[in-house]
Trainee: 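Encoded as structure tokens, here's the structure I'll be asking about.
Note on naming: letters A, B, ... go to the chains in the order of the sequence lines (proteins, then strands), and numbering restarts at 1 for each one. Computed from a prediction, not measured in an experiment: that's the story for all the values here. As a basis for the values below, the full set of heavy atoms in this structure was taken, side chains included, without hydrogen atoms, waters or symmetry mates.
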2 protein chains.
Amino acid sequence: MEQRIDRIKKQLHSQSYKLTPQREATVRVLLEHEDDHLSAEEVYMLVKEKYPEIGLATVYRTLELLTELKVVDKINFGDGVSRYDLRQEGADHFHHHLVCLECGAVDEIQEDLLGDVEKVVEKRWNFEIKDHRLTFHGICYRCRT
Amino acid sequence: MEQRIDRIKKQLHSQSYKLTPQREATVRVLLEHEDDHLSAEEVYMLVKEKYPEIGLATVYRTLELLTELKVVDKINFGDGVSRYDLRQEGADHFHHHLVCLECGAVDEIQEDLLGDVEKVVEKRWNFEIKDHRLTFHGICYRCRT
DNA sequence: ATTGTTATGATAATCATTATCATTTGACAG
DNA sequence: CTGTCAAATGATAATGATTATCATAACAAT
């Protein structure tokens with residue numbers, strides 16, 4: 001935990017940003033909820049427990065900054081809000097998601113399943129892939145009877 | 001074109017919806033811009049040329065209805081708006097997208113590239129796949145020098 | 001200490017989407 | 001036909017997420 005924060009701190013400094021107390025509190029919330037997919041509002045509520053004076057705008061700005069630094073990914077599952085998802089450290093690809101139509105759960109797939117598909121796309125469509133988003137919609141193992 | 005409208009009409013009737021002039025005008029716009037990924041506002045502007053009295057709310061309602069009937073898919077590329085994409089007739093899967101980070105173009109991949117991947121996901125994660133969304137972000141063939 | 005840049009918090013503004021509601025349309029029964 | 005009723009529409013208000021503004025605070029560098 002502390003090491004990860006330290007690395008994020010260095011990453012910020014390398015672009016001459018500071019790790020202010022507000023930003024650190026926000027990062028901590030994200031690390032503590034690594035498996036969730038929190039909205040900005042949800043992050044705000046949780047950060048307030050650590051740092052009650054923080055404003056919503058600061059949370060939005062911090063999340064935007066972290067997105068820019070590729071510490072988090074901003075994703076959208078079709079409900080009206082953006083959600084923020086911590087990247088795996090050192091992962092060269094963005095993980096995939098399983099969204100359950102029954103219970104709404106969002107599970108993650110860390111494995112890279114798209115290696116072969118990406119080769120095909122790069123070659124056949126002459127497209128230089130930088131990133132991808134893959135989401136499956138269906139029924140999760142919990143809801144299958 | 002006329003046949004496709006006719007089939008959509010039947011699909012509407014089968015759920016006891018009507019193909020009103022407003023709805024027909026909207027469907028025509030979508031068919032005429034099959035390769036684009038129009039936002040609700042853009043659809044509205046284009047429909048107005050055919051049917052100037054139409055209201056924005058009706059366009060939203062029609063797009064919602066068509067989404068429900070799976071005539072179109074509602075997608076989100078991360079700019080603030082939802083976009084509507086006509087399904088290929090008879091396609092059992094949703095096509096994929098290539099979003100160019102350079103010029104913003106959105107190209108489509110009609111081929112189903114995920115067959116094998118889906119088998120793995122169904123088995124290994126015990127997840128019953130109903131639908132998927134796959135988008136690649138990168139540099140399109142036009143922007144590669 | 002002084003200056004200047006960056007970050008913050010409160011709040012107003014924006015913008016897409018949804019809800020409301022009075023009116024219109026069109027199918028159907030008598 | 002004519003009246004009835006549910007569905008659809010259009011204008012507009014309301015909502016809700018996100019962004020912009022701006023005065024103030026923090027803080028590094030001279």
Trainee: Under 4.0 Å between a side-chain nitrogen and a carboxylate oxygen: does that hold for B/Glu128 and B/Lys130?
Mentor: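 Here B/Glu128 pairs with B/Lys130 in a salt bridge, since their nearest N and O are under 4.0 Å apart.
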Trainee: Starting from P on D/dA8, measure out to CD on B/Glu53 and report it in whole angstrom.
Mentor: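 In whole Å, D/dA8 P lies 19 Å from B/Glu53 CD.
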Trainee: To the nearest angstrom, how far is A/Tyr51 atom OH from D/dA26 atom C1'?
Mentor: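 Result: 10 Å.
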Trainee: Would B/Lys74 and B/Tyr84 count as a side chain to side chain contact (heavy atoms under 4.5 Å, CB included) here? Give the steps.
Mentor: CA-CA 5 Å; B/Lys74 192 175 177 180; B/Tyr84 297 86; 3.6 Å; yes
Trainee: Starting at CG of B/Leu63 and ending at P of D/dT9, how long is that distance when rounded to a whole Å?
Mentor: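 It works out to 12 Å between those atoms.
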Trainee: Check the phosphate of D/dA26 against A/Gln22, side-chain N and O only, distance under 4.0 Å to OP1 or OP2. Yes or no?
Mentor: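 No, A/Gln22 has no side-chain N/O under 4.0 Å of OP1/OP2 on D/dA26.
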Trainee: Go through the steps to decide whether B/Phe127 and A/Ile139 satisfy the test side chain to side chain contact (heavy atoms under 4.5 Å, CB included), and finish with yes or no.
Mentor: CA-CA 6 Å; B/Phe127 186 86; A/Ile139 314 296; 5.9 Å; no
Trainee: Below 3.5 Å is the cut-off: list the nitrogen or oxygen pairs between protein and nucleotides 13-20 of chain D, distance only.
Mentor:
from: D/dT18; atom 1: OP1; to: A/Ser82; atom 2: N; distance (Å): 2.9
from: D/dT18; atom 1: OP1; to: A/Ser82; atom 2: OG; distance (Å): 3.3
from: D/dT18; atom 1: OP2; to: A/Tyr60; atom 2: OH; distance (Å): 2.5
from: D/dT18; atom 1: O5'; to: A/Tyr60; atom 2: OH; distance (Å): 3.4

Trainee: Over how many whole Å does the gap from A/Ile54 atom CD1 to C/dA10 atom P extend?
Mentor: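 Between P of C/dA10 and CD1 of A/Ile54: 10 Å.
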Trainee: Looking only at side-chain N and O atoms, does A/Thr20 come under 4.0 Å of OP1 or OP2 in C/dA7?
Mentor: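 No, A/Thr20 has no side-chain N/O under 4.0 Å of OP1/OP2 on C/dA7.
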Trainee: Distance check needed: C/dG9 P versus A/Arg23 CZ, whole Å only.
Mentor: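 Answer to the nearest Å: 11 Å.
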Trainee: Quick test of your reading of the model: are B/Glu111 and A/Arg124 salt-bridged, counting only N-O distances below 4.0 Å?
Mentor: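 Looking at B/Glu111 and A/Arg124, the cut-off is met.
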Trainee: Just the rounded figure in Å: distance from P of C/dC15 to CG of B/Asn76.
Mentor: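 Atom-to-atom, B/Asn76 to C/dC15, this comes out as 18 Å.
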Trainee: Each nucleotide N or O in nucleotides 23-28 of chain C that has a protein N or O under 3.5 Å away: list the pair and distance.
Mentor:
none

Trainee: Any ion pair linking A/Arg142 and A/Asp107 (charged N to carboxylate O, less than 4.0 Å)?
Mentor: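 Answer for the salt bridge query: yes.
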Trainee: Starting at OH of A/Tyr17 and ending at P of C/dT5, how long is that distance when rounded to a whole Å?
Mentor: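 For the pair A/Tyr17 OH and C/dT5 P, the rounded distance is 16 Å.
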Trainee: Whether the A/Glu24 and A/Gln22 side chains hold a donor-acceptor pair (N or O, under 3.5 Å, no angle test) is what I'd like checked.
Mentor: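 No.
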Trainee: Ion pair present between A/Lys50 and A/Glu32, side-chain N to carboxylate O less than 4.0 angstrom?
Mentor: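 Between A/Glu32 and A/Lys50 there is a salt bridge, with a charged N closer than 4.0 Å to a carboxylate O.
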Trainee: Expressed as a whole number of angstroms, how long is the span from B/Lys48:NZ to D/dT9:P?
Mentor: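 So the two atoms are 15 Å apart, to the nearest Å.
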Trainee: When you check the gap from the basic side-chain N to the acidic O, do B/Glu34 and B/Arg4 get nearer than 4.0 Å?
Mentor: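 Between B/Arg4 and B/Glu34 there is a salt bridge, with a charged N closer than 4.0 Å to a carboxylate O.
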Trainee: Is there a side-chain contact between B/His97 and B/Asp85 (heavy atoms, below 4.5 Å)?
Mentor: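 The answer is yes; the side chains approach within 4.5 Å.
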Trainee: Which is true for B/Tyr44 with a 4.0 Å heavy-atom rule: it touches a base, it touches only sugar-phosphate, or it touches nothing?
Mentor: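 B/Tyr44: no heavy atom of the nucleic acid under 4.0 Å.
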